[in-house]
Protein chains: 2
Amino acid sequence: MENEQIKQAGLKVTAPRIKILGILERSGKRHMSAEDVYKELLSQDEEIGLATVYRVLTQFEGAGLVCRRHFESGQSVFELNNGEHHDHLVCIKCGAIVEFLDPTIETRQKRIAAEHHFKIEDHSLVVYGLCPNCQGTR
Amino acid sequence: MENEQIKQAGLKVTAPRIKILGILERSGKRHMSAEDVYKELLSQDEEIGLATVYRVLTQFEGAGLVCRRHFESGQSVFELNNGEHHDHLVCIKCGAIVEFLDPTIETRQKRIAAEHHFKIEDHSLVVYGLCPNCQGTR
DNA sequence: TGGAAAACTGAAAATCTTTCGCATCTTGTC
DNA sequence: GACAAGATGCGAAAGATTTTCAGTTTTCCA
Ligand SMILES: [Mn+2]
Ligand SMILES: [Mn+2]
Ligand SMILES: [Zn+2]
Ligand SMILES: [Zn+2]
């Protein structure tokens, strides 16, 4: 359970960490902002401050338990790291997110970095658009 | 000169706008944050407030004169819009930026959006890594 | 198990970047 | 030149995230 993952990540097992990891695993939403997590905690009558949520999410990120994403919404969103990289398709109207992985794109990126003698470290690809549900309306 | 571009963009020709556009055109750096532009103005003894810099850059963006980018640095950077879309390779150590355009990637993105029935609106691809100069050191 | 060191926590204050409110100027037009 | 519409500068405010700090909690080992 959570305790093990936290311990293996090299972090002390504390109530806030267990609770927050549990929320990320079971809340339904795969991509959550710190605020989202905080609200979920509140709704469960947990006494955990927002600063702690930020702190824990950042630690989880450092430990590789979660990935932080910067979509153009002003706030970071976090998702459990399942070990496999992927990119995102984001609906600019309703916020719906579709994950995808395109080997061709991944390959081209590596080639481009190599051509410019860059040692690639990471990348972020986000495609913004309107999801099927949001295309009719305005 | 600047006056014409500003006028054609449908904006009144004012001193701050002329000065800021001039800086974007002649400052050497192609990608500048609002703060960068502001500092440059200060160094030229211009009495232009930071709020005005943000305002003007946002207006320029709306008018299509500049593009706003969100690299993971916390602040937006702006660059003159030369009409051609491109993506970026960013050095995580020194901040060096290389621009590139890969038709294959562009095509794949469109296909992926189509497969998910998304009406693509925009996209952001940034590859982070170490530039040639920054690879030796730590 | 006992207890101290190390790590962690919540709340409040501090940062940082960006935007607002508004009184005061400018610009474009007649 | 006179005027309305639009811009500017300034300080305050906002929103997201981080830091500080004093009081807990967890770990670890005797
Ligand atoms: Mn994802
Ligand atoms: Mn560019
Ligand atoms: Zn949608
Ligand atoms: Zn570099």
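Chain naming here is simple, since letters A, B, ... match the order of the sequence lines and numbering starts at 1 in each. Atoms considered below: every heavy atom in the structure, side chains included; atoms not considered: hydrogens, waters and symmetry mates. On a predicted model such as this, the values are computed, not experimentally measured, just so you know.
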Discussion item. I'd like to know if B/Glu99 pairs up with B/Arg30 as an ion pair, taking the criterion as any Lys NZ or Arg NE/NH1/NH2 lying under 4.0 Å from an Asp or Glu carboxylate oxygen.
Written reply: yes
Worksheet item: To the nearest angstrom, how far is B/Glu35 atom CD from C/dT15 atom P?
Response: 16 Å
Worksheet entry | Heavy-atom donor-acceptor pair, A/Glu72 side chain to A/Ile92 backbone, under 3.5 Å | no
Worksheet entry | Nearest heavy-atom neighbours spanning A/Gly64 and A/Asn81 | O-ND2, 3.0 Å
Item to complete: Calculate the interatomic distance between B/Gln8 atom CD and C/dG28 atom P; express it in whole Å.
Response: 14 Å
Discussion item. Whether A/Arg26 and A/Glu2 form a salt bridge (side-chain N of Lys/Arg under 4.0 Å from carboxylate O of Asp/Glu) is what I want to check.
Written reply: yes
Response to the item:
A/Lys19 atom NZ is separated from C/dC8 atom C1', nearest whole Å, by 19 Å
Worksheet item: Separation of B/Ile18 atom CD1 from D/dA7 atom P, in whole Å?
Response: 13 Å
Worksheet item: Any ring-ring contact (aromatic ring centres under 6.0 Å, His included) pairs touching residues 79-111 of chain A, not counting sequence neighbours?
Response: A/His31-A/His88, A/Phe71-A/His88, A/His85-A/His123, A/His86-A/His88
Worksheet item: Have B/Thr52 and B/Arg55 got a donor and an acceptor in their side chains that come within less than 3.5 Å?
Response: yes
Discussion item. If you apply the rule side chain to side chain contact (heavy atoms under 4.5 Å, CB included), what do you find for B/Leu57 with B/Arg68, and how did you get there?
Written reply: CA-CA 9 Å; B/Leu57 288 173; B/Arg68 181 194 301 256; 5.9 Å; no
Worksheet entry | Under 4.0 angstrom between A/Tyr54 side-chain N/O and D/dT17 OP1 or OP2 | yes
Fill in: Donor on one side chain, acceptor on other, B/Ser124 and B/Arg69, under 3.5 Å
no
Practice prompt. Round to a whole Å and report the spacing from CG of A/Leu50 to P of C/dA11.
Written response: 11 Å
Worksheet entry | Strand contacts (DNA chain D) in residues 65-76 of chain B, 4.0 angstrom heavy-atom criterion | none
Discussion item. Let's go through A/Glu84 and A/Leu101 carefully: what are the C-alpha distance in whole Å and the side-chain angles of both, what is the deciding distance for side chain to side chain contact (heavy atoms under 4.5 Å, CB included) to 0.1 Å, and is it a yes or a no?
Written reply: CA-CA 9 Å; A/Glu84 291 155 27; A/Leu101 178 61; 5.9 Å; no
Worksheet item: Which nucleotides of nucleotides 20-30 of chain D have their base under 4.0 Å from a protein heavy atom (B), which only their sugar-phosphate (S), and which neither (-), written as one string 5' to 3'?
Response: B-----BS---
Worksheet item: Over how many whole Å does the gap from B/Leu57 atom CG to C/dT18 atom C1' extend?
Response: 12 Å
Fill in: side chain to side chain contact (heavy atoms under 4.5 Å, CB included) involving A/Lys12 - partner list, sequence neighbours excluded
A/Thr14, A/Arg17
Worksheet item: What residues form a side chain to side chain contact (heavy atoms under 4.5 Å, CB included) with A/Leu42, not counting sequence neighbours?
Response: A/Tyr38
Item to complete: Output the residues of residues 37-49 of chain B in contact with DNA chain C, where contact means a heavy atom of the residue under 4.0 Å from an atom of the strand; sort by number or write none.
Response: none
